Protein chains: 2
Amino acid sequence: MPNTDRFGPPWWHGKFRGCGYRLTIGREAILDVLSKSEGHLSAEDIYMKVHPRYPSVGLTSIYRTLDVLSHLGLVYKLDFGDGRARYELAEGPKGSHHHHHLVCTDCNRVIDYTDFIDDEVELLRQTEKGLGEKYKFKITNHVIQFYGLCERCGSRK
Amino acid sequence: MPNTDRFGPPWWHGKFRGCGYRLTIGREAILDVLSKSEGHLSAEDIYMKVHPRYPSVGLTSIYRTLDVLSHLGLVYKLDFGDGRARYELAEGPKGSHHHHHLVCTDCNRVIDYTDFIDDEVELLRQTEKGLGEKYKFKITNHVIQFYGLCERCGSRK
DNA sequence: CTATTAGTGGAAATCATTTTCATTAACTTC
DNA sequence: GAAGTTAATGAAAATGATTTCCACTAATAG
Ligand SMILES: [Mn+2]
Ligand SMILES: [Mn+2]
Ligand SMILES: [Zn+2]
Ligand SMILES: [Zn+2]
């Protein structure tokens, strides 16, 4: 049930309405699942979480909605090398919980980290400015990912 | 023709031999194409460049070889959001030409940049160290990509 | 040179994502 | 609230990059 924790409509209604998008059951259900789940969900993961409560929402619409959400900047579409796209909310109601990723190239485990984020973000801000000017690019987003072997895969010989 | 610009065998022979991999025509041809091409080639791009000279090398082997090369760290496998993996040489004979990417979310154009790289790389080194220790991760690589609208797509209304 | 077996090509399979199209339901207007 | 407009949808089929299978080939060791 697309909850509003009884303090007015979910925080995303505004962003949606402004862009001429209709607010459908499916879209709400998907945002609801994303905002209540930890981790990096694939389209099918989301489908499986939405389906029990809203069996009428099809996988096709999950894909379509994720596409809209990522174009709206509400959701990040990520690639961790396991052959399917994964999604996470760009920011929660309390503002952004910005983080970057550590990806194991062996088992595909992903760790969110926020350590060092401040220095990184500060540098990124400058870099974005410089690059934006030099290449006339309107930068809206960045991805930083470190790849390597996680504790388990690294020690396992 | 897997060239050696007549100064001994191509620089990658050593890396290969050490790991128990056989040095085949196909593998040489692929490395040769990668080292002589600018840009970010897909498996099929590479196939098309290899095919005229070595019609016996199949697409399947291109995929297999790219996989080996990226596990060896000779090649980076990249995702720019256009539905196929793209590859670039990790470093040329003259050492690393390290760079990061600016990706247009509208037309998928990609710009390599090296500006600001020094500061970024310095910060990344520290971050890698900190993260490696805290999460017991053996970090071997990183990806930094900025997303936004390129000059053409940004101005086009 | 011969033996060993990693590597290969081609066809078929896989499977995440996209397309198609007839139907539904959000939002606007009265 | 009812009707009209049309964005959005579900189901099925199509797509297309990548992987799997397997009989065959050829790189390397001895
Ligand atoms: Mn994350
Ligand atoms: Mn590049
Ligand atoms: Zn791992
Ligand atoms: Zn563009």
Side-chain angles (χ1 to χ4, degrees), chain A residues 2 9-10 12-31 40-48 50-72 74-75 77-87 105 108, chain B residues 2 9-10 12-31 40-48 50-72 74-75 77-87 105 108:
Chain A
W12 58 71
H13 280 201
K15 291 230 177 197
F16 240 73
R17 288 260 157 68
C19 302
Y21 287 109
R22 294 179 181 178
L23 208 21
T24 67
I25 307 285
R27 288 175 177 174
E28 295 236 53
I30 290 167
L31 277 164
H40 309 101
L41 302 172
S42 67
E44 197 173 6
D45 291 339
I46 294 169
Y47 175 74
M48 304 230 276
V50 166
H51 194 255
R53 222 181 282 248
Y54 299 95
S56 73
V57 175
L59 181 56
T60 308
S61 278
I62 307 275
Y63 277 106
R64 275 186 293 230
T65 294
L66 288 170
D67 215 47
V68 169
L69 293 176
S70 92
H71 278 276
L72 281 178
L74 290 175
V75 152
K77 182 178 184 179
L78 303 165
D79 169 44
F80 297 130
D82 66 343
R84 71 206 60 200
R86 299 196 165 266
Y87 301 84
T105 49
N108 283 316
Chain B
W12 58 71
H13 279 198
K15 291 230 180 201
F16 240 74
R17 289 259 156 69
C19 300
Y21 287 108
R22 293 180 183 178
L23 209 21
T24 67
I25 306 284
R27 288 175 177 172
E28 292 235 55
I30 291 167
L31 277 164
H40 310 101
L41 303 170
S42 67
E44 197 172 5
D45 291 339
I46 294 169
Y47 176 72
M48 304 229 277
V50 166
H51 193 255
R53 222 182 281 249
Y54 300 95
S56 72
V57 174
L59 181 56
T60 308
S61 278
I62 307 275
Y63 277 106
R64 274 186 296 228
T65 294
L66 288 169
D67 216 48
V68 169
L69 294 176
S70 94
H71 278 277
L72 280 178
L74 290 175
V75 153
K77 182 178 185 179
L78 303 165
D79 169 43
F80 297 130
D82 67 342
R84 72 206 60 201
R86 299 196 166 266
Y87 301 84
T105 50
N108 284 316

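These numbers come from a predicted model, not from an experiment. Just so you know, these numbers use all the heavy atoms, side chains as well, and skip hydrogens, waters and symmetry mates.
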Worksheet, complete the sentence: Whichever of B/G83 and B/L23 has the more 5' nearest nucleotide on DNA chain D, that residue is B/G83

Practice prompt. Hey, which sits more toward the 5' end of DNA chain D by its nearest nucleotide, B/Y21 or B/Y87?
Written response: B/Y87

Practice prompt. On DNA chain C, reading 5' to 3', which nucleotide is the first and which the last to sit with an atom under 4.0 Å from a heavy atom of chain B, could you check?
Written response: C/dT5 to C/dA11

Contact class for [X] (heavy atom, under 4.0 Å): base, sugar-phosphate, or nothing?
X	result
B/R22	base
B/R27	sugar-phosphate
B/R17	sugar-phosphate
B/S42	nothing
B/T60	base

Item to complete: With side-chain contact (heavy atoms from CB on, under 4.5 Å) as the test, would you mind laying out the steps for A/L72 and A/W12 before giving the verdict?
Response: CA-CA 11 Å; A/L72 281 178; A/W12 58 71; over 6 Å; no

Nearest heavy atoms of [X] and [Y], plus distance in Å:
X	Y	answer
B/H13	B/L23	CD2-CD2, 3.5 Å
B/F80	B/N108	O-OD1, 3.3 Å
A/Y47	A/I62	CA-CD1, 4.0 Å

Does [Y] offer a backbone N or O that forms a donor-acceptor pair with the side chain of [X] under 3.5 Å?
X	Y	result
A/S61	A/R64	no
A/R27	A/R22	yes
A/R86	A/H40	yes

Worksheet entry | Span of DNA chain D, from the first to the last nucleotide whose atoms fall under 4.0 Å of chain A heavy atoms | D/dT6 to D/dA12

Discussion item. Any heavy-atom pair between the side chains of B/Y87 and B/L69 that's under 4.5 Å?
Written reply: no

